[in-house]
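Comments concern the structure below.
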Amino acid sequence: MRTNTMTDNDSRDRISRRRYLETIGVTGTGVALAGCTSGSGTPTTEGSDTDSESGGGSTPSAGGTFVIGSSSKASTLDLHKATRRPEQTILSAIHEPMFRINPELEPEAHLASDWSMNDDATEYVFTLEEGITFHNGDELDAEEVVWSWERFVENSPQSYLLSPADSFEATGDYEVTVSFNDPYPLLPRYLTNPLTGFVSRSAVEDAENYGQDIAVGTGPYTWESWERGTAITVSRYEEYDWAPDFVSNQGPGYPEEFRFEHHPEATTLLNELTDGGVHGSSYITLTDTGEVESSSDASLVRKEYTRPGFLAINTQKEPTDNVNVRRAINHAVNKQPVIEAALGGEGYPIWSIVPEIAVNGLSEDRAKELGEQYSQSKARELLEQEGWTNSSEGETRTKNGEELTLTFYAFTIPRYAQMGEVIAPMLGEVGINAELEVLEAGTLYNNLESGNHHITTMAYGGNWAVNATEPILLGENTATEGGTNYSLWQNDEFDELLNRAKTSPDEATREEAITEAQELILEEAPVTPICAFNKIYGYKNEVAGMDNWTEHDWWPDQEWMNRLELGL
């Protein structure tokens, strides 16, 4: 049990984890789930008074194997080289970051008993919890933390999270000091990213092929086996007892094993969930949710998520370099039919690129007030204003003898292709000829990086406003320079606002800056916000308690939480 106290040391504002939790009134939110199958396939609900049909509470008994189905397979289990979701799902069982997102959606120290930040947010001191061990018995001490973070910066595609650090230094056996030349107040939030977690140095140095033959972390489950192309299995780390206070089970995890099975065909995965050996999956195709709900053996948990689907509009290429043309595109898109066709209704409309439920997102009322709501008449008016005319509704507009024709790309993944197929005729109704091309990934991204497009369907973002907007709209992140700003938007005012939102030591200043940045996006319209996706988890009915799996609005750390909270 941690027993931190508030102190003042060397002008640092000490943050007591315990006192902070008491201040915000956080209580345990984890729920136990029971009724999974044992390794032999027999339901084991001993000690449970759960009605599996009602999804009520349960008293779990430990044991068994929980099978997770995925449509995509991992390529590496080296934490500092992985980027893709299937890898992160598995790695979140094996590894842990320094901070976790708590039920108030704020970063909370996890592997540190105390931490401090100086007044200008250029120096952080972390005091590590003692007794945290890697699966090979090595202790997580300051030297291990420094080595892991330096390795992350050197190897990870997401190294930008920590690369601004001037130095990582072990200033005691269990004390790490991180220094920056410029203010970096968002470090605790960045340290909730699972990829910033810790790997055993000795395991990396001893392995012939780390991440393929072995992976060693401090998480609740350990590497067991990798059946190439079929499944990865992790087993319970019996020594684990350092889960955050807001998780009801402090550890070790309830299931004896997790088996991550690869089922690339959507139909196969659906059948495995409803009639086969898969107990749970977050990879159920959104258009298949009705099949799960109609099954007598499986059910769904769904919540609104923060990941936005949108159109990225090329702001560097005529005629979409004109803001009124971009606004007309926004007015022409009717969001709900797109949601129904592309997502099977499993989503919700958004009016800002940052959904309201994201941290620091604009309110829906404010986004609607400033944004471009569906109005074909307004779209036509804006195009007329810029000299694009036609003689009848639906006829392609012209200007100086040139037709208003746009190159429109969409990814072959069904939801994005269907978004394009529904949106293209909507644009046609206001006189924009959107020539849709559905492309496989390599061809699509080559074209986007070359700036050949006018518009493209896209889904990219984060769960708080800064990390939702930075990758897709910051000037230095343009696709032509290898980034993910497919709008090719260059706006110095936006870049400065985003920088202030990231670096000001004053929280109120940061919040004001990110609000103004979102308002500027709505004014300049480099993107067309369309919808955000529901987060879906399908599960066998014999797994009870899923309706109360988490009280979070959008399941932060859901893949990690269920490893502790599932009862077998």
Quick one: pull up CD in E476 and CD in Q490 and give me the separation to the nearest 0.5 Å. 9.5 Å
Compare all side-chain heavy atoms of E519 with those of L362 and state whether any distance is below 4.5 angstrom. yes
Going by an N to O cut-off under 4.0 Å, is there a salt bridge joining K535 and E304? no
Should T478 and E481 be marked as a side-chain hydrogen bond (donor to acceptor under 3.5 Å, both in side chains) after you check the CA-CA gap, both sets of side-chain angles, and the distance that decides it? CA-CA 5 Å; T478 57; E481 298 298 325; 5.1 Å; no
Using only atom types and a distance under 3.5 Å, with no angle test, would you say the side chain of N271 pairs donor to acceptor with the backbone of T268? no
Can you name the side chain to side chain contact (heavy atoms under 4.5 Å, CB included) partners of E87, sequence neighbours left out? A74, S75, T76, A82, R84, L91
Rounded to the nearest 0.5 Å, how far does OH of Y210 lie from CG of L77? 8.5 Å
Polar contact flag, side-chain donor to acceptor under 3.5 angstrom, S375-S377: yes
So with a 6.0 Å cut-off around NZ of K368, is the heavy-atom count from everything else above 12? yes
How about OH on Y460, more than 12 heavy atoms from neighbouring residues, nucleotides or ligands closer than 6.0 Å, or not? no
With heavy-atom distances below 4.5 Å as the criterion, would you say the side chains of Q518 and I353 are in contact? no
Is it the case that the side chain of H454 and the backbone of T315 share a donor-acceptor pair, with hydrogens and angles ignored and the cut-off at 3.5 Å? no
Test side chain to side chain contact (heavy atoms under 4.5 Å, CB included) on C531 and L343 and set out the steps. CA-CA 10 Å; C531 61; L343 307 179; 3.8 Å; yes
For the pair S363 and E356, evaluate side-chain hydrogen bond (donor to acceptor under 3.5 Å, both in side chains) and give the outcome as yes or no after the intermediate values. CA-CA 5 Å; S363 70; E356 180 182 24; 5.2 Å; no
Looking at R380 and E393, does any basic side-chain N land under 4.0 Å from a carboxylate oxygen? yes
More than 12 heavy atoms from other groups under 6.0 Å of CD on Q336: yes
N452 and side chain to side chain donor-acceptor pair (under 3.5 Å): which partner among N446, N314, T407, N447? N447
Between E261 and I68, is there a side-chain heavy-atom distance shorter than 4.5 Å? no
Please check: side-chain N/O of N155 versus main-chain N/O of R151, any donor-acceptor pairing under 3.5 Å? yes
Among Y124, Y160, Y190, exactly one meets ring-ring contact (aromatic ring centres under 6.0 Å, His included) together with Y184. Which residue is that? Y190
Is the shortest side-chain N to carboxylate O distance from K378 to E372 below 4.0 Å? no
CA sep, side-chain torsions, deciding dist, call: W464, L186, side chain to side chain contact (heavy atoms under 4.5 Å, CB included): CA-CA 12 Å; W464 50 300; L186 300 182; 3.7 Å; yes
Applying ring pair (Phe, Tyr, Trp, His ring centres under 6.0 Å), can you list everything that pairs with F533, at least two apart in sequence or on another chain? none
Restricting to non-hydrogen atoms, name the atom on P308 and the atom on I350 that form the minimum distance, rounded to 0.1 Å. CB-CD1, 3.7 Å
So, are R366 and E369 salt-bridged, with charged N and O less than 4.0 Å apart? yes
Expected output: side-chain T456 to main-chain Y409 donor-acceptor under 3.5 Å: yes
Using a cut-off of 6.0 Å, state whether more than 12 heavy atoms not belonging to K73 lie near its atom NZ. no
Between W149 and F168, what is the ring plane arrangement, given parallel below 30°, perpendicular above 60°, and tilted in between? tilted
Show the numbers, then the answer: is there a side-chain hydrogen bond (donor to acceptor under 3.5 Å, both in side chains) between E395 and S391? CA-CA 7 Å; E395 180 182 61; S391 57; 2.8 Å; yes
So, is the end of the R228 side chain (NZ or CZ) under 6.0 Å from the ring centre of W226 and within 45° of the ring's axis? yes
Work out which heavy atom in F411 is nearest to a heavy atom in I413; give both atom names and the distance. CE2-CD1, 3.0 Å
Can you list the steps and then say if F198 with L79 is a side chain to side chain contact (heavy atoms under 4.5 Å, CB included)? CA-CA 8 Å; F198 307 106; L79 181 71; over 6 Å; no
Examine distances only and state if a side-chain atom of T274 and a backbone atom of L270 form a donor-acceptor pair shorter than 3.5 Å. yes
Any side-chain donor near an acceptor of the partner, E403 and T398, under 3.5 Å: no
Between T509 and E512, a side-chain donor and acceptor under 3.5 Å: no
Qualifying residue for side chain to side chain contact (heavy atoms under 4.5 Å, CB included) with N330, from L522, I313, V527: I313
Output the distance between atom CG (N491) and atom CG (L474), rounded to the nearest 0.5 Å. 10.5 Å
Non-hydrogen atoms of A465 and N360 that approach each other most closely: CB-O, 3.7 Å
When rounded to the nearest 0.5 Å, the distance separating CG of L383 from CG of N390 is 9.0 Å
Donor-acceptor under 3.5 Å (H279 side chain, V67 main chain): yes
How many angstroms lie between atom CD of E470 and atom CG of N499, to the nearest 0.5 angstrom? 9.5 Å
Is the side chain of N193 donor-acceptor paired with the backbone N or O of L195 at a distance under 3.5 Å, no angle test? yes
Which atom of V354 lies closest to which atom of A468, heavy atoms considered: CG2-CB, 4.0 Å
Where is the tightest heavy-atom contact between A417 and V438, given as atom of each residue plus distance? CB-CG1, 3.9 Å
Check step by step if side chain to side chain contact (heavy atoms under 4.5 Å, CB included) holds for V333 and Y374. CA-CA 6 Å; V333 177; Y374 175 60; 5.9 Å; no
Examine distances only and state if a side-chain atom of E384 and a backbone atom of T389 form a donor-acceptor pair shorter than 3.5 Å. no
Residue pair L191 / P97: nearest heavy atoms and the distance that separates them: O-CB, 3.2 Å
Would you say that more than 12 heavy atoms from the other residues, nucleotides or ligands in this model lie under 6.0 Å from the CG of N209, or not? yes
Apply ring pair (Phe, Tyr, Trp, His ring centres under 6.0 Å) to W489 and list each qualifying residue two or more places apart in sequence or on a separate chain. F494
Using a cut-off of 6.0 Å, state whether more than 12 heavy atoms not belonging to E265 lie near its atom CD. no
Answer yes or no: is there a donor N or O on one side and an acceptor on the other, between the side chain of H80 and the main chain of G197, under 3.5 Å? yes
Do K540 side-chain atoms and D275 backbone N/O form a donor-acceptor pair below 3.5 Å? no
Look up atom NE2 in H331 and atom CD in E381, then write down how far apart they are to the nearest 0.5 Å. 8.5 Å
Check whether any side-chain heavy atom of T196 sits under 4.5 Å from a side-chain heavy atom of M98, and report yes or no. no
